[in-house]
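The next block holds one structure in the form of structure tokens; read it before the comments.
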Amino acid sequence: MNFFSSDLHFGNDQALKVDARPFKNIRQFEKYVVKLWNKQTTKNDNIWIIGDFVDYHKNQDCNWQRGLAMVKKLKANVHLIIGNNEEKLIKASFDGSFDKFMEYCLKLGFKTIAKDGYVKNKKEEFYMTHKPINHHKSMLTLFGHSHRSMGVYKSFGFNIGCDLNHFRLFTEQDLHNFVKLKSEYWDEDENLKLI
């Protein structure tokens with residue numbers, strides 16, 4: 001089974017403050033997420049992280065190594081679509097080499113690392129990219145980056161940021177329900193036409 005999330009920002013307290021996440025510190029948040037996700041998944045499942053698994057800010061105390069190593073604590077297969085924080089990390093700590101970053105992550109235990117990707121869910125295929133501005137023009141997109149600011153629904157796809165699901169993974173059934181709601185209600189609501 002496939003599961004989905006984005007914008008964990010492991011390794012730095014900043015996201016806890018900015019998003020008012022109800023945790024004392026990043027370690028408490030990381031421990032909570034690992035326990036929650038390991039209850040939701042089995043070793044045969046796939047977790048698709050659509051960007052910003054870690055937090056990276058050049059001038060801040062970020063522990064991106066410890067953040068990336070959180071993958072070792074998750075029992076499911078973790079696939080990473082890189083986000084803007086991984087892009088900054090690649091530039092600053094991997095000589096701008098995506099391949100070096102990928103090799104590092106694969107050694108830690110990630111199953112795959114990609115800049116974008118596709119996933120099939122029931123009868124629907126989705127494009128996955130971190131930034132909503134890069135959405136696919138002819139298929140629904142799963143994205144992150146905006147945290148809570150854009151909500152779940154956009155005419156072009158769905159925001160699967162962890163803050164929108166109380167840090168739980170979005171499931172295949174959640175996506176199926178979103179597609180149904182989109183076609184039956186959200187796309188038809190005149191008040192949602194502008195978004």
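For the numbers below, each heavy atom of this structure counts, side chains included, while hydrogens, waters and symmetry mates do not.
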Given Ile81 and Thr129, is the side-chain contact (heavy atoms from CB on, under 4.5 Å) satisfied, shown in steps? CA-CA 7 Å; Ile81 304 292; Thr129 186; 5.5 Å; no

Working note: Leu68 + Phe110, criterion side-chain contact (heavy atoms from CB on, under 4.5 Å); need CA distance, chi angles, decisive distance, verdict. CA-CA 9 Å; Leu68 283 173; Phe110 285 91; 4.1 Å; yes

Under the criterion side-chain contact (heavy atoms from CB on, under 4.5 Å), I'd like the reasoning laid out for Val179 against Phe126: C-alpha separation, chi angles, the key distance, then a yes or no. CA-CA 11 Å; Val179 170; Phe126 293 94; 3.7 Å; yes

Can you list the steps and then say if Asn134 with Lys115 is a side-chain contact (heavy atoms from CB on, under 4.5 Å)? CA-CA 11 Å; Asn134 297 330; Lys115 295 178 182 179; over 6 Å; no

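The shortest heavy-atom contact between Ile26 and His9 is CD1-O, 3.7 Å. The two residues Thr171 and Asp174 make their nearest non-hydrogen contact at N-OD2, 2.8 Å. When all heavy atoms are compared, the tightest approach of Asn77 to Lys111 is OD1-CE, 3.2 Å. Of all non-hydrogen atoms in Ala15 and Arg21, the two that sit nearest each other are CB-NH1, 3.8 Å. Summarising the geometry of Phe143 relative to Pro132, their closest heavy-atom pair is CD1-CB, 3.6 Å, with the distance given to 0.1 Å. Between Cys162 and Asp7 the shortest heavy-atom distance is SG-O, 3.5 Å.
The only option from Asp95, Leu106, Leu80 that meets the side chain to side chain contact (heavy atoms under 4.5 Å, CB included) definition with Phe101 turns out to be Leu80.
Members clustered with Tyr118: Tyr127, Met139, by chain and number, using a 4.5 Å side-chain heavy-atom cutoff among hydrophobic residues.
In this structure, the side chains of Asn38 and Leu74 come closer than 4.5 Å at one or more pairs of heavy atoms. Contact annotation: the side chain of Arg66 approaches that of Glu30 to within less than 4.5 Å [non-hydrogen atoms, C-beta and beyond]. In this structure, Trp48 and Leu142 have side chains that are not in contact, with every pair of non-hydrogen atoms separated by 4.5 Å or more. The side-chain heavy atoms of Met70 and Val33, taken from C-beta on, include no pair separated by under 4.5 Å.
Using the six-membered ring where Trp is involved, Trp37 and Phe10 have ring planes that are tilted, between 30° and 60° apart.
Checked for salt-bridge contact, Glu87 and Lys131 meet the test: a charged N lies under 4.0 Å from a carboxylate O.
Here Lys91 pairs with nothing under the side chain to side chain donor-acceptor pair (under 3.5 Å) rule; sequence neighbours left out. Residues satisfying the ring-ring contact (aromatic ring centres under 6.0 Å, His included) test with Phe167, not counting sequence neighbours, are Phe23, Phe29. In this view, Asn177 and Gln173 satisfy the side chain to side chain donor-acceptor pair (under 3.5 Å) rule, not counting sequence neighbours. By the side-chain contact (heavy atoms from CB on, under 4.5 Å) test, Asp99 is found to be paired with Ser97, Met102, residues two or more places apart in sequence or in another chain being considered. Annotation: ring-ring contact (aromatic ring centres under 6.0 Å, His included) contacts of Phe178 (sequence neighbours excluded): Phe158, Phe170. Every residue was checked against the side chain to side chain donor-acceptor pair (under 3.5 Å) condition with Lys88, not counting sequence neighbours, and none meets it. Partners of Arg168 under the salt bridge (charged side-chain N to carboxylate O under 4.0 Å, His left out) rule, at least two apart in sequence or in another chain, do not exist in this structure. Taking the side chain to side chain donor-acceptor pair (under 3.5 Å) definition, one finds that Thr141 meets it with nothing, sequence neighbours left out. Lys31 pairs by the side-chain contact (heavy atoms from CB on, under 4.5 Å) definition with nothing, not counting sequence neighbours. Legend: residues meeting side-chain contact (heavy atoms from CB on, under 4.5 Å) with Ser6, ordered by chain and number and at least two apart, are Ile50, Ile160.
Between the side chain of Glu86 and the main chain of Gly83, a donor-acceptor pair closer than 3.5 Å is present. Under the 3.5 Å distance criterion, the side-chain polar atoms of Asn121 are matched with a main-chain donor or acceptor of Glu172. Distance alone, capped at 3.5 Å, places no donor-acceptor pair between the Ser93 side chain and the Ile90 backbone. His147 contributes no side-chain N or O that, together with a main-chain N or O of Ser149, makes up a donor-acceptor pair within less than 3.5 Å. The closest donor-acceptor contact from the side chain of Asn85 to the backbone of Asp52 lies at 3.5 Å or more, if one exists at all.
A donor-acceptor contact closer than 3.5 angstrom is absent between the side chains of Asp13 and Asn25.
Applying the salt bridge (charged side-chain N to carboxylate O under 4.0 Å, His left out) test to pairs two or more places apart or on separate chains, none has a residue in residues 69-81.
The number of heavy-atom neighbours closer than 6.0 Å to CZ of Arg27, taken from other residues, nucleotides and ligands shown, is 12 or below.
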